[in-house]
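Reckoned from all heavy atoms, side chains included, excluding hydrogens, waters and symmetry mates.
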2 protein chains.
Amino acid sequence: MDIDTKVHELVIVGAGPAALSAAIYTTREDIQTVLYEKAVPGGLISTTDWVDNYPGFPDGIAGLELGDAMRKQAERFGAVIELGEVMKIVNEGERKKLETTDGDVYAKIVLIATGSGYKKIGVPGEDEYYARGVHYCATCDGAFYRDKRLVVVGGGNSAVQEAMFLTRFSSHIDMLVRSDFRASEVLIHEMEKKFKDKITVHKNTTTDEIIGEQKEGLKFKTVTKVIGTDKISNKKIEFETDGVFVFVGLQPNTEFAGESGIELDKIGLVKSNENLETNMPGVFVVGDCRSGATMQIATAVGEGATAALRIREYLEGRKAGTSTLY
Amino acid sequence: MDIDTKVHELVIVGAGPAALSAAIYTTREDIQTVLYEKAVPGGLISTTDWVDNYPGFPDGIAGLELGDAMRKQAERFGAVIELGEVMKIVNEGERKKLETTDGDVYAKIVLIATGSGYKKIGVPGEDEYYARGVHYCATCDGAFYRDKRLVVVGGGNSAVQEAMFLTRFSSHIDMLVRSDFRASEVLIHEMEKKFKDKITVHKNTTTDEIIGEQKEGLKFKTVTKVIGTDKISNKKIEFETDGVFVFVGLQPNTEFAGESGIELDKIGLVKSNENLETNMPGVFVVGDCRSGATMQIATAVGEGATAALRIREYLEGRKAGTSTLY
C-alpha cells in the first residue's frame, strides 16, 4: 500500500495525558496508533510546575516529568507521535480523512484529545509568573496558598465559585472585577453572605500588571503585587499578594472539530455520549476538550483508558459500550 | 463533641485506587475524610504482581508499590485509614449512620468504593499461581502472553469475548467450558468464524487442577499445564499451557449496600447517575463496584477525582454537577 493512502487504525489528535493514556491501552493491545501533536507531547501538564494530586506520586511530581513518563510508556508499547496540526476531519464513511499541516492522513478511528487552554488577561507579568504565582485552576494549585494573600481576577460564575473555594486556603482575597459581576445572583449572594471577611470585591477595576521580586533564599522571583486601575476615579491601585488566580474563561482547542461538523457545546467543548462518542461515527473524544471535563489529570487519564476499551469494541464491529467484562 | 457522636464530613468505604484518589482530592481541600478498609489498603492492585498500564510509570510498577504510593499520598494530606468493615448504611437525613465492626460511625457523605473481586473456580493451583500464571483480566494481563499458549476457563459472554481478545497475543488457546456455552449466539458464531485456528473449544470439560514447575533460571514456579476431565468419556485430559485466564464472573463487594437499600444492577454492582450519586442522597459510588465499571486502575482513579469534585459541591449545598469550572 502506498504510504500516502495507508489507513491508520487509530489517529489521536493531541498528546496530553488523556491522549497518552488511551495510546498506552490501544498500543498495548496492538491497535496501531499515531498521535498528532502541534506543540509539545505531555500537553498542558508539561507547562505545570508541580503536580500534587495525580495518584501514585506521594510527594507530587514535576509536570514535565509526568508528561514525559506517560509519553515514554506509550512509545514503549509502539505509539508513534508525529509533529503536526490537524485542521479538519472529513467523514468518508469507513475511513476518516484528516487534513494536517503535514498533508492528508487516513484513519479508521479518530480520538480527539486536544485539551483546553485557559483564557489569559494579557498583562505584563502574566506569562513570566505562569505556574509560579499566576494560576488558572483552583483545584490544582489552591492548596499551595495556605494562609497566603491572593488576587482573583474575573467576575463570572467560575470566578465567584473559585474565589469562595480558595478561602479554604487563603488568608485574604482581593477580587478584581473589570466592570460588574456576570455571575448568578445566587452565587454572588452566597459569597457576600459567607465570605465578606475574607473576600474584598473591587468592581470597575482593571488588572494592569503582575509584579514580583527576588526574595532572599529563593531561586525564582515570586509575585508580590498586582497593579490595577479604578475605572471610576481613574486611579492606580496596588494589591499586595502572594499569588494571582485568573478565571476569565476556558479556550478549548476545538476549532478544527467545529469546522469539521462535530457538535460543540456553548463553551466550545466537544459533546459526547456516555461511550465518549461524538456525533461523527468513529470519532471519539476525551479529556479537557470534552463537554463536562473536570480539567483534572486523573480524570483525563481515566477517560483515555475507557475510550481505548470503547475503540476496541468499535474496531471489532461491536457497538461501543456493549462488551460484558464480567 | 463526644467521640461517639462525631459526624465525619466524609467516610469512604474501601481503600483501593478509586477510594485513595478521592481521598487525595478531598483531604487536600480540607474535607475531613476517614476510609474504612476491611483488608489491606491499596485494594485489588495490592495483590497484582505488575501493573503495566497505569499512566505515569514508563516501565510499569509493582501493584503493591502503587497501592502504597497512593496510600501515602492520601495520608500526607490528612486522610485517616481505619481497619474495619462497614455492614450497613442507614440514611438519617442530614447524616448517615454506618454500622461497622468497630461500632457506629456517622458521616455527612458516604462514598462507596469497595471494588469487586473475580469469581474463582476453586481448584488446586488457582491461588498458588494467582497473578503469576492465573489471571482474571485480559485487558490487564493479556499482553504478558505474546506468542504463548493459554487456557481460558468459562462459557459466558465475557469468556468468549476475552478469549477472542487474547488471540491478539496468544499463539493458541484451549477453551474449557464446563457444560455448554451460555454466551450469545452472535458471539459464539463470531468466535467460530474468525478464530477457529487459534481457539480450540472443549465443551463438557471441567477444570480440575493447575500445575506448574520450577524452570531453570526463574525464581518462581510457573504454570505448565491444566488438568481437566471430559465429562462425557469421564477421562482426564492434560492441556499444556503458559497461563490460565478464568472468566466465570465478577463478585462485587456490595452486599452491605444492597442490604442498606442502595440500588444494585443484576450483577450486583451499585447503580449511579452521571454525577456518581446512588439512589440514597449523600451516598456516592466509584470504581470497580460501580455499575459500568471497566475494572481498570486508571478509570477508578479518574472516577475518584470526579467524585471528590461532586462531593465538594454537595457539601457546599449545591446540586452535584452544577459547578461551572470555566
Heavy atoms only, distances under 4.5 angstrom: which of [options] has the most pairs with chain A? Name it, please.
| options | result |
| --- | --- |
| Asp52(B), Asp30(B), Val301(B) | Asp52(B) |
| Ala308(B), Gly56(B), Ala143(B), Ala300(B) | Gly56(B) |
| Gln73(B), Arg76(B), Glu65(B), Lys194(B) | Gln73(B) |

With a 4.5 Å cut-off on heavy-atom pairs, point out which of [options] contacts chain B the most.
| options | answer |
| --- | --- |
| Lys72(A), Glu274(A), Met70(A), Arg28(A) | Arg28(A) |
| Val248(A), Ile297(A), Asn53(A) | Asn53(A) |
| Thr306(A), Leu66(A), Ile61(A) | Thr306(A) |
| Glu29(A), Met164(A), Glu303(A), Gln296(A) | Glu29(A) |

Quick one: what part of [X] sits under 4.5 Å from any heavy atom of chain A, side chain, backbone, both or neither?
| X | answer |
| --- | --- |
| Asp59(B) | both |
| Ile45(B) | neither |
| Arg168(B) | both |
| Phe169(B) | side chain |
| Lys119(B) | neither |
| Ile24(B) | side chain |

Is there a donor-acceptor pair under 3.5 Å between the side chain of Arg71(A) and the backbone N or O of Pro58(B)? no

Could you measure the distance from the CZ atom of Phe165(B) to the CD atom of Glu316(A)? Nearest 0.5 Å is fine. 8.0 Å

Pick one of side chain, backbone, both or neither for Ile31(A), based on which atoms fall under 4.5 Å of a heavy atom in chain B. both

Phe77(A) versus chain B, the contacting section by heavy-atom distance below 4.5 Å: side chain

Over all heavy atoms of both residues, which pair between Thr299(A) and Ala305(B) is shortest? Give the atoms and the distance, please.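 Looking at all heavy atoms of both residues, the closest pair is OG1-CB, 3.9 Å.
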
Using only non-hydrogen atoms and a strict under-4.5 angstrom cutoff, which residues of residues 181-192 of chain B touch chain A?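 Listed by number: Leu187(B), Glu190(B).
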
Can you confirm whether more than 12 heavy atoms, excluding those of Lys108(A), are under 6.0 Å from its NZ atom? no

Establish, yes or no, whether a centroid distance under 6.0 Å links the rings of Tyr54(B) and Tyr54(A).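 That pair passes the under 6.0 Å test.
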
